[in-house]
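Both ligands and their constituent atoms are indexed starting at 1 by order of listing. None of these values were measured; they are calculated from a predicted model. All heavy atoms count here, side chains included; hydrogens, waters and symmetry mates do not.
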Amino acid sequence: MKMALVSLATIFAIASFATFGYASDPSPLQDFCVAVNDTEAFVFVNGKICKNPNMVVAEDFLFRGLNKPGNTSNPLGSRVTPVTVNQLPGLNTLGISAVRIDYAPNGLNPPHTHPRATEILILLKGTLYVGFVTSNPADPALKNKLFATYLHPGDVFVFPQGLIHFQFNVGKTNAVAFAGLSSQNPGVITIANAVFGSDPPIDPAVLTKAFQVEKDVIEYLQAQFWWNID
Ligand SMILES: *[C@@H]1O[C@H](CO)[C@@H](O)[C@H](O)[C@H]1NC(C)=O
Ligand SMILES: *[C@@H]1O[C@H](CO)[C@@H](O)[C@H](O)[C@H]1NC(C)=O
């Protein structure tokens, strides 16, 4: 009986661990796997081809220039400068990446989600109004709950994986934040762009019903130019 209970506990532990592993970036399996665009290479892990480890150099793990402000002259007044595996090949298989985010006064990083990463944001300069909304609750008595606050220099805020979040510069100066993300390739879904700016457009009948507005409101939104901040 005791044995059976122990085995059951073990199976549960293994099952939850297996689920966790499936939901995360894969294990590196080796020290590193610097991504390289070379179809002659023979090691292929995690979607990228690994550079021959004997050819790997320090620069494969280096990205320079994150001290430079991003250009915020755009309709949203913000700019994300990503340092993912696409900019820093040494991040391949390591399950982590970074961004710099610049905000002009009134600049907005609009509601979006990273399907593959939790984000931890550190504000260096300025004042941000930030928040995220929880997923559709299993208990219908609970709302999609907003967790929002104001950040000042030195404040750190975390946006849990997959949840819709935003940052808005409510100060009179430019704001600068850096963030770490728990994936080498976090992905971004900007809500307005995905819903109203898809190519080809979603049938307005779908969005009219979903957003409970008249068709001309949807057509107006679909006719807008939806700027991608990164
Ligand atoms: C990789 O190489 C292919 C073939 O030469 C080229 O078309 C592609 O643009 C390259 N990709 C990158 C990211 O350099
Ligand atoms: C910033 O972007 C705007 C709009 O694309 C462009 O006109 C301007 O030259 C850019 N500024 C810098 C410093 O690159």
Kindly give the heavy-atom pair with the smallest separation between Ser97 and Pro186, and that separation in Å. OG-CG, 3.4 Å
So which protein heavy atom does atom 5 (O) of ligand 2 come closest to, and at what separation? Ser73 O, 4.5 Å
Is the closest protein non-hydrogen atom to atom 11 (N) of ligand 2 under 4.0 Å? yes
Identify the protein heavy atom lying closest to atom 2 (O) of ligand 2, giving its residue, its atom name and the separation to 0.1 Å. Asn71 ND2, 2.3 Å
Please name all residues satisfying side-chain hydrogen bond (donor to acceptor under 3.5 Å, both in side chains) with Ser183, sequence neighbours left out, ordered by chain then number. Asp25
Relative to each other, are the rings of Phe132 and Phe159 parallel, tilted or perpendicular (30° and 60° limits)? perpendicular
Can you pull the ring-ring contact (aromatic ring centres under 6.0 Å, His included) pairs that have at least one residue in residues 171-191, sequence neighbours excluded? none
